[in-house]
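Residue indices begin at 1 and follow the sequence shown. Here the structure is a predicted model, which is why all the values come from computation and not from measurement.
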Amino acid sequence: MKWTDRKLREAMANVEASLAVEGLYVTEEDRSLILASIKGEITHEEFLRLAKERAMRAGEMPDNLYQEARKMTDRIRYCDECRCEREAVVKQRNAIYSFRKEPFDIIEEYAECTVCHNAVSDEELDNKTLKKISELYELKHR
Ligand SMILES: [Zn+2]
């Protein structure tokens, strides 16, 4: 799934609306945390850790915030093996890619189905890998 600015704003608005119903209001800090998580700038683990830290500082438990944000940030991907949508986890592996006829050895992030453990396609991670390779290429040919 690709997050456009519009989709991000919609997702944020949904979280805020459902929290407002419960009498909770999203602070600027929450908002930037959720956004970073949706955009993949921080990992899900980081997000939960930071959200917990913030909750402890504030002396409140924003369980609703966790739950809502979790739904949006969990990687639900189509698995070709299972032939349905599954939860996926991000893993790392060594890979060699050929870019403009040159081999590049990198550590890439990929998504894995939590049920059958096969790799599932993930546009966001694919883009990240591509960016990494082209950066290496640029570095080499500067
Ligand atoms: Zn699967």
Side-chain angles (χ1 to χ4, degrees), residues 1-22 24-58 60-142:
M1 177 162 37
K2 194 169 189 288
W3 288 98
T4 60
D5 274 358
R6 190 177 60 82
K7 270 195 194 163
L8 275 176
R9 276 199 298 274
E10 276 173 14
M12 282 304 301
N14 282 340
V15 173
E16 288 182 37
S18 58
L19 290 173
V21 168
E22 321 238 6
L24 295 167
Y25 292 93
V26 178
T27 65
E28 275 306 314
E29 207 176 343
D30 294 330
R31 190 171 287 142
S32 54
L33 209 57
I34 297 172
L35 268 176
S37 174
I38 296 172
K39 285 178 164 172
E41 288 167 3
I42 58 173
T43 65
H44 194 60
E45 286 68 33
E46 269 178 301
F47 168 73
L48 288 177
R49 188 175 55 78
L50 290 168
K52 261 183 202 147
E53 273 177 18
R54 202 202 70 76
M56 268 152 59
R57 277 207 309 277
E60 63 190 41
M61 283 299 293
D63 276 343
N64 298 308
L65 183 67
Y66 287 173
Q67 293 309 319
E68 286 305 317
R70 256 207 87 126
K71 274 187 218 156
M72 297 175 349
T73 56
D74 279 351
R75 279 171 195 276
I76 305 296
R77 296 286 178 271
Y78 185 82
C79 176
D80 287 331
E81 288 299 316
C82 302
R83 292 174 182 273
C84 65
E85 295 210 313
R86 294 287 199 203
E87 193 179 327
V89 286
V90 177
K91 298 210 164 180
Q92 292 190 333
R93 66 185 167 197
N94 288 307
I96 298 171
Y97 280 92
S98 167
F99 185 73
R100 292 182 189 160
K101 292 179 182 165
E102 288 181 45
F104 288 94
D105 209 337
I106 67 157
I107 295 168
E108 71 168 349
E109 288 187 326
Y110 69 102
E112 187 186 278
C113 171
T114 53
V115 178
C116 71
H117 302 290
N118 273 291
V120 295
S121 74
D122 186 304
E123 199 183 339
E124 183 195 326
L125 296 178
D126 290 348
N127 287 342
K128 231 172 166 177
T129 297
L130 201 65
K131 199 169 158 236
K132 211 182 246 180
I133 299 165
S134 60
E135 275 169 7
L136 282 175
Y137 184 90
E138 294 298 326
L139 216 61
K140 199 174 160 187
H141 293 274
R142 221 167 24 187

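Legend: residues meeting side chain to side chain donor-acceptor pair (under 3.5 Å) with K101, ordered by chain and number and at least two apart, are absent. Partners of F99 under the ring-ring contact (aromatic ring centres under 6.0 Å, His included) rule, at least two apart in sequence or in another chain, are Y137. For L139, the side chain to side chain contact (heavy atoms under 4.5 Å, CB included) partners two or more places apart in sequence, or in a different chain, are R142. Residues satisfying the side chain to side chain donor-acceptor pair (under 3.5 Å) test with K132, not counting sequence neighbours, are none. Residues that satisfy the side chain to side chain contact (heavy atoms under 4.5 Å, CB included) test with L136, not counting sequence neighbours, are F104, I106. Residues meeting the side chain to side chain donor-acceptor pair (under 3.5 Å) test with E108, sequence neighbours left out: R93, Y97. When the salt bridge (charged side-chain N to carboxylate O under 4.0 Å, His left out) test is applied to K131, the partners found at least two apart in sequence or on another chain are E135. Partners of E81 according to the salt bridge (charged side-chain N to carboxylate O under 4.0 Å, His left out) rule, which considers only residues two or more places apart in sequence or in another chain, do not exist here.
Put simply, OG on S134 and CZ on R100 are 8.0 Å apart, with the number rounded to the nearest 0.5 Å. Distance OG/S121 to CG/D80: 6.5 Å, rounded to 0.5 Å. The distance from the NZ atom of K91 to the CD atom of E112 is 4.0 Å, given to the nearest 0.5 Å. Atom CG of residue N94 and atom CD1 of residue I107 lie 5.0 Å apart, to the nearest 0.5 angstrom. Between the CD atom in E102 and the CD1 atom in I133 there is a gap of 12.0 Å [rounded to 0.5 Å].
The shortest distance between side-chain heavy atoms of E109 and K128 falls below 4.5 Å. In this structure, the side chains of P103 and S98 stay at 4.5 Å or more apart for every pair of heavy atoms. With contacts defined as side-chain heavy-atom distances shorter than 4.5 Å, the pair C84/C79 does not qualify.
Looking at T114, its side chain does come within 3.5 Å of a backbone N or O of E87 through a donor-acceptor pair.
The nearest pair of heavy atoms linking A88 to V120 is CB-CG2, 4.0 Å.
For residues 105-131, there are no ring-ring contact (aromatic ring centres under 6.0 Å, His included) pairs, not counting sequence neighbours.
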